[in-house]
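Pasting a structure here, questions to come.
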Amino acid sequence: MKALQRFESSRLRMNYPIVRFAPSPTGYLHIGGARTALFNWLFAKKHQGKFLLRIEDTDLERSERLYIDQIISALDWLGLNHDGNYILQSNNLSNHHAVLNQLLNQGKAYRCFYTKEELDQLRLESEKAKKPFRVPTTYRDISQEEVNKHLQDQKEFTIRLKVPEGKTCFEDLVYGNITVQNREIDDFILARSDGSPTYNFVVTIDDADMKITHVIRGDDHLANTPKQILIYEALDLPIPTFAHLPMILGSDGKRLSKRHAATNVQEYKEKGYQPKSIINYLSLLGWNPDSDDEIFSINEIIEKFELNQVQKKPAIFDEKKLNWISGQHLQKSSLRELTSAIKDLDFTWAENHSEGFIKDLVLLLQERSKNIQDIIELGKIIVSNPSYSKEDLHKIFIDNNFEIIENFTTGLSFDEFTASNIEELINNISIQNEVSLGVVMKQIRFAITGITYGPSLVEILLLLGQDSVISRLKNFVKQLT
RNA sequence: GCCCCCUUCGUCUAAUGGUUAGGACGUCACCCUUUCACGGUAACAAUAUGGGUUCGAAUCCCAUAGGGGGUACCA
């Protein structure tokens with residue numbers, strides 16, 4: 001009967017899923033958190049549901065306002081907007097206590113008067129005897145008089161759930177059917193001796209409060225789920241559907257942590273990745289789009305997204321593939337997108353140049369860039385006065401002979417500074433000096449920009465314009481002779 | 001220790017019991033090219049191990065190994 005009710009209510013709710021992302025503000029938003037948020041968001045979008053944000057700030061020692069702002073701005077940057085205002089877990093504290101009392105009154109939870117020290121001692125003894133340790137249920141069914149007596153003695157107590165006999169099953173959307181025997185679960189603590197509620201309890205109450213229909217979170221919570229289900233059952237609350245996502249690991253196969261290259265979403269913004277690239281890459285970590293294509297717009301991902309195609313095993317974060325995806329998206333980006341992204345990141349270098357010039361420059365650099373920062377770096381080099389590394393200089397001008405550059409400089413003084421004129425000049429110099437076209441171009445490129453790579457030489461020359469090109473060439477020769 | 005979960009190229013992943021185990025990133029070679037990148041073509045590369053079941057196993061079952069999580073008055 002209960003199962004049927006659960007089935008009916010979950011069917012009803014399925015029409016309008018409500019999901020949440022529940023970070024604790026003890027640090028910035030990292031890649032793993034972003035992935036969890038993303039999958040929740042995708043699921044909500046896919047089913048026209050709601051995506052809520054709950055800040056789990058009950059650990060007052062470690063929670064900081066700064067991190068709340070950072071997390072929200074990182075989510076915002078990624079485009080993972082939440083519905084409504086975000087919810088502070090700490091605001092729900094009085095409710096937590098009310099529910100605690102309710103459970104106590106209904107006899108579904110009880111006061112346990114063991115101290116931590118006593119339990120530690122018992123645990124130690126079991127370990128020595130090589131017996132599995134279970135918290136003794138000594139106080140589970142004592143009479144009200146005994147309870148009152150302990151209370152009068154001012155004995156400290158925790159509140160524990162009376163875990164019933166039987167087993168707890170649920171169907172995880174990713175992991176499938178999971179069954180745990182209740183005897184494997186201790187009467188776990190709902191409230192500490194200082195009265196503060198524990199994580200498993202608070203999460204459950206808040207999720208129920210927010211009418212969450214689908215709990216989508218990291219698989220580090222998989223083992224907590226049966227406990228939470230027991231709380232739902234004790235309170236006769238509808239049980240949400242669960243979906244646990246495998247972890248994201250660093251390149252060494254270990255859980256992502258601060259030791260790893262870049263774990264902060266903010267860092268990827270600063271490195272010049274576009275949000276759509278991060279989202280595309282993250283969506284592919286642990287999820288199979290059922291397609292040979294891998295480059296998707298956000299809308300395409302929403303359309304294709306299915307939780308049942310999420311992988312069970314953890315995935316390693318691979319920056320190389322991210323770079324490739326980023327490059328693919330960059331090629332598809334419009335000039336307008338690119339310029340606005342550049343302006344967000346770093347535009348100081350471009351401010352003294354005309355809009356048209358910057359447009360042409362960006363267009364020129366787009367093709368060979370993986371992310372926005374690549375454009376900026378190359379742009380800076382082309383825009384600023386070149387500096388020459390000795391090493392490269394000797395490689396390119398083997399015998400310190402600058403004849404080609406001098407010839408080119410004088411040859412450039414024609415009336416029409418066009419591609420065909422420049423090409424003809426380069427050709428002539430190549431023939432006259434009996435040097436290959438490649439060598440001529442390399443020398444000119446280096447003299448003009450100070451680098452040995454980058455866009456087509458003629459394009460750079462045209463972009464910079466006749467005057468600027470000639471003065472750079474003259475400076476080059478002046479500096480070195 | 002006990003409980004739950006996981007295991008296909010270096011990495012992300014395909015393969016309703018029958019495929020030369022496929023694709024992508026990366027790597028390498030070649031082509032294109034003034035350079036770098038893009039693009040194109042090929043190559044290298046995987047079913048953790050051992051037993052079953054079956055005509056036939058990456059796929060089902062059982063062990064073993066390895067990894068993750070829980071077993072906390074952490075979250």
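Below, chain A is the first sequence line, B the second, and so on; all start at residue 1.
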rG67(B) to rC31(B) separation - C1' atoms, rounded to the nearest Å: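 To the nearest whole Å, 44 Å.
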
Side chain of Pro132(A), heavy atoms from C-beta onward: which of rC12(B), rG1(B), rC36(B) has the nearest atom to it?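 Ranking rC12(B), rG1(B), rC36(B) by closest atom to the Pro132(A) side chain puts rG1(B) first.
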
Tell me whether the side-chain N/O atoms of Arg255(A) come closer than 4.0 Å to OP1 or OP2 in rG69(B).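 Indeed, a polar side-chain atom of Arg255(A) lies that close.
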
Along nucleotides 25-33 of chain B, 5' to 3', which nucleotides get a B, which get an S, and which get a -, given that the test is a protein heavy-atom distance under 4.0 Å? SS-------

Base, sugar-phosphate, or nothing: which does Tyr114(A) touch, judged by heavy atoms less than 4.0 Å apart?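 Base: the residue Tyr114(A), judged by heavy atoms under 4.0 Å, touches a nucleobase.
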
State which residues pass salt bridge (charged side-chain N to carboxylate O under 4.0 Å, His left out) with Glu337(A); sequence neighbours excluded, sorted by chain then number.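 By the salt bridge (charged side-chain N to carboxylate O under 4.0 Å, His left out) rule, Glu337(A) matches Lys276(A).
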
Roughly how far apart, to the nearest Å, are rC28(B) and rA43(B) at atom C1'?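 The same atom, C1', in both gives a distance of 8 Å.
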
Looking at rU13(B), I'd like to know if its phosphate oxygens (OP1 or OP2) sit under 4.0 Å from a side-chain N or O belonging to Asn288(A).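 Checking Asn288(A) against rU13(B): no side-chain N or O falls below 4.0 Å of OP1 or OP2.
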
Could you tell me which residues satisfy salt bridge (charged side-chain N to carboxylate O under 4.0 Å, His left out) with Asp374(A), sequence neighbours excluded, listed by chain and number?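 Once residues adjacent in sequence are excluded, Asp374(A) has no partner under the salt bridge (charged side-chain N to carboxylate O under 4.0 Å, His left out) criterion.
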
For Tyr199(A), which residues count as a side-chain hydrogen bond (donor to acceptor under 3.5 Å, both in side chains) partner, sequence neighbours excluded?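 Once residues adjacent in sequence are excluded, the partners of Tyr199(A) under the side-chain hydrogen bond (donor to acceptor under 3.5 Å, both in side chains) criterion are His221(A).
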
In chain order, what residues pass the side-chain contact (heavy atoms from CB on, under 4.5 Å) check against His394(A), with sequence neighbours excluded?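 Listed in chain order: Lys390(A), Asn400(A).
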
If you take atom types as modelled and just measure distance, does the side chain of Asn224(A) reach the base of rA75(B) with a donor-acceptor pair under 3.5 Å?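 Under the 3.5 Å cut-off, the side chain and the base do form a donor-acceptor pair.
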
Under 6.0 Å from the ring centre and within 45 degrees of the ring axis: does the NZ or CZ of Lys46(A) meet both conditions for the six-membered ring of Phe43(A)?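 Negative - Lys46(A) is either too far from the ring of Phe43(A) or too far off its axis.
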
rC2(B) pairs with which nucleotide, Watson-Crick or G-U wobble, both distances below 3.5 Å?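 rC2(B) is paired with rG70(B).
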
Non-neighbouring partners of His82(A) that pass ring-ring contact (aromatic ring centres under 6.0 Å, His included), sequence neighbours left out: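 Checked His82(A) against ring-ring contact (aromatic ring centres under 6.0 Å, His included); zero matches.
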
Taking pairing as Watson-Crick or G-U wobble with both contacts under 3.5 Å, can you name the mate of rU7(B), or confirm there isn't one?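 Base-paired to rA65(B).
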
rA72(B), OP1 or OP2 - any side-chain N/O from Arg123(A) closer than 4.0 Å?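 Yes, Arg123(A) has a side-chain N/O under 4.0 Å of OP1/OP2 on rA72(B).
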
Please enumerate all residues that pass salt bridge (charged side-chain N to carboxylate O under 4.0 Å, His left out) together with Asp207(A), with sequence neighbours excluded.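 Partners of Asp207(A) by the salt bridge (charged side-chain N to carboxylate O under 4.0 Å, His left out) criterion, ordered by chain and then number, come out as Arg20(A), Arg54(A).
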
Interatomic distance, Gln311(A) CD vs rU11(B) P [rounded to whole Å]: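 After rounding, the reported distance stands at 13 Å.
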
Between the base of rU34(B) and the side chain of Ser456(A), is there a donor and acceptor pair under 3.5 angstrom?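 Indeed there is one.
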
Once salt bridge (charged side-chain N to carboxylate O under 4.0 Å, His left out) is applied, do any residues pair with Lys162(A), and if so which ones, sequence neighbours excluded?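 Lys162(A) satisfies salt bridge (charged side-chain N to carboxylate O under 4.0 Å, His left out) with Asp141(A) only.
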
Return the polar atom pairs (N/O with N/O) between nucleotides 3-6 of chain B and the protein under 3.5 Å, or none.
unit_1 : atom_1 : unit_2    : atom_2 : d
rC3(B) : O4'    : Glu184(A) : OE1    : 3.4

Can you tell me how the ring of Phe476(A) sits relative to the ring of Phe397(A), calling it parallel under 30°, perpendicular over 60° and tilted otherwise?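 Ring orientation, 0 to 90° scale: tilted.
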
Is the phosphate of rC74(B) approached by Arg192(A) (side-chain N or O, under 4.0 Å from OP1 or OP2)?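 The answer is yes; a side-chain N or O of Arg192(A) sits under 4.0 Å from OP1 or OP2.
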
Side-chain H-bond candidate by donor/acceptor type, His244(A) with Thr225(A), under 3.5 Å: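 Thr225(A) and His244(A) do have a side-chain donor-acceptor pair below 3.5 Å.
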
Check whether any side-chain N or O of Asp57(A) sits under 3.5 Å from a backbone N or O of Ser90(A) as a donor-acceptor pair, and report yes or no.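 Flag set: sc Asp57(A) to bb Ser90(A) pair under 3.5 Å.
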
Can you check whether any acceptor in the base of rC73(B) is under 3.5 Å from a donor in the side chain of Thr198(A), or vice versa?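 There is none.
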
Could you give the CG-to-P distance, from Asn371(A) to rC38(B), as a whole number of Å?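 Going from Asn371(A) (CG) to rC38(B) (P), I get 14 Å.
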
Which side-chain N or O atoms in residues 285-293 of chain A pair as donor and acceptor under 3.5 Å with protein atoms at least two apart or in another chain?
unit_1    : atom_1 : unit_2    : atom_2 : d
Trp287(A) : NE1    : Glu306(A) : O      : 3.3
Ser291(A) : OG     : Asp293(A) : N      : 2.9

At 4.0 Å (heavy atoms only), tell me whether Lys131(A) reaches a base, stays on the sugar-phosphate, or touches nothing.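 No contact at all - Lys131(A) keeps every heavy atom at 4.0 Å or more from the nucleic acid.
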
Short of 4.0 Å, heavy atom to strand atom, which residues of residues 434-443 of chain A count as contacting RNA chain B?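 Heavy-atom cutoff 4.0 Å gives Gly438(A), Met441(A).
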
Taking only side-chain N and O atoms of Gln328(A), does any of them lie within less than 4.0 angstrom of OP1 or OP2 on rG39(B)?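 Checking Gln328(A) against rG39(B): at least one side-chain N or O falls below 4.0 Å of OP1 or OP2.
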
Per the atom types in the model, does the base of rC38(B) pair as donor or acceptor with the side chain of Arg368(A) at under 3.5 Å?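 No pair found.
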
rA21(B): pairing nucleotide in any strand, Watson-Crick or G-U under 3.5 angstrom: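 Pair assignment: rA21(B) / none.
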
How long is the line joining CZ of Phe296(A) and P of rU13(B), in whole Å?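 So the two atoms are 14 Å apart, to the nearest Å.
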
Polar atom pairs between nucleotides 42-45 of chain B and protein, under 3.5 Å, N or O only, would you list them?
none

Phe242(A) vs Phe170(A) aromatic rings, parallel, tilted or perpendicular, using cut-offs 30° and 60°?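 Aromatic pair Phe242(A)/Phe170(A) classed perpendicular.
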
Counting just side-chain N and O atoms, does Lys128(A) come under 4.0 Å of either OP1 or OP2 of rG1(B)?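 No, Lys128(A) has no side-chain N/O under 4.0 Å of OP1/OP2 on rG1(B).
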
